[in-house]
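Worth knowing before you read on, the calculation uses all heavy atoms, side chains too, and leaves out hydrogens, waters and symmetry mates.
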Amino acid sequence: MKINRRRIGLKIERLAFEELRIKKFLVWKPPKVKFQSQDILGFFDLIALNKKELKLVQVQKGRNRPYKTNKILKLPKPKNISFEIWVYDVKNKKFRVI
């Protein structure tokens with residue numbers, strides 16, 4: 001049975017989307033565009049906003065990917081904006097936030 005990586009990725013993004021909504025964030029995911037990257041600024045999958053902060057979230061499955069993580073961690077950090085990497089652990093069915 002062939003595993004569809006795209007479908008698994010979308011499912012995990014939906015889980016992160018719902019978890020942020022439960023935490024009272026207004027969440028936005030860019031619409032699907034043919035033949036272009038869907039990532040926000042080339043790195044992030046979701047934007048989450050509440051009264052105090054703005055989060056740019058990269059969602060990943062299972063393990064941390066250093067080639068993406070290092071680029072994100074080197075970005076300048078403005079006040080009240082956080083860059084987060086959410087790694088989904090399949091066994092525990094929870095996100096680990098970096």
Could you check Ile12, Ile22, Asp45, Leu46 and say which one makes a side chain to side chain contact (heavy atoms under 4.5 Å, CB included) with Phe17? Leu46
Tell me every residue that passes salt bridge (charged side-chain N to carboxylate O under 4.0 Å, His left out) with Arg14, counting only those two or more places apart in sequence or in another chain. none
In the structure I gave you, are the side-chain heavy atoms of Leu20 and Val57 within less than 4.5 Å of one another anywhere? yes
With clusters defined by side-chain heavy atoms of hydrophobic residues (ILVMFWY) lying less than 4.5 Å apart, directly or transitively, does Val97 cluster with Leu73? no
Minimum heavy-atom distance between Lys52 and Asn50, given as atom pair plus value: N-OD1, 2.9 Å
Just grab all the side-chain hydrogen bond (donor to acceptor under 3.5 Å, both in side chains) pairs involving residues 70-79, residues at least two apart or on different chains. none
For Arg6, check side-chain contact (heavy atoms from CB on, under 4.5 Å) against everything at least two apart and list the hits. Asn4, Leu10, Gln38
Side-chain polar contacts of residues 24-33 - donor-acceptor pairs under 3.5 angstrom, sequence neighbours left out - could you list them?
{"residue": "Lys29", "atom": "NZ", "partner": "Glu13", "partner atom": "OE1", "Å": "2.7"}

Worked check of side chain to side chain contact (heavy atoms under 4.5 Å, CB included) between Gln60 and Ile85: CA-CA 7 Å; Gln60 299 178 2; Ile85 302 162; 3.8 Å; yes
Applying salt bridge (charged side-chain N to carboxylate O under 4.0 Å, His left out), can you list everything that pairs with Lys23, at least two apart in sequence or on another chain? Glu19
Tell me every residue that passes side chain to side chain donor-acceptor pair (under 3.5 Å) with Asp89, counting only those two or more places apart in sequence or in another chain. Asn92
With sequence neighbours left out, which residue pairs that include part of residues 71-96 fulfil the ring pair (Phe, Tyr, Trp, His ring centres under 6.0 Å) condition? Phe44-Phe83, Trp86-Phe95, Tyr88-Phe95
Residues which pass salt bridge (charged side-chain N to carboxylate O under 4.0 Å, His left out) with Glu53, listed by chain and number, not counting sequence neighbours: none
Determine, stepwise, if the pair Val90 / Lys61 fulfils side chain to side chain contact (heavy atoms under 4.5 Å, CB included). CA-CA 8 Å; Val90 179; Lys61 177 188 172 245; 3.7 Å; yes
In short, Pro78 meets Pro76 closest at the heavy-atom pair CD-O, 3.1 Å
Drop me the distance from Ile81's CD1 to Leu75's CG, to the nearest 0.5 angstrom. 11.0 Å
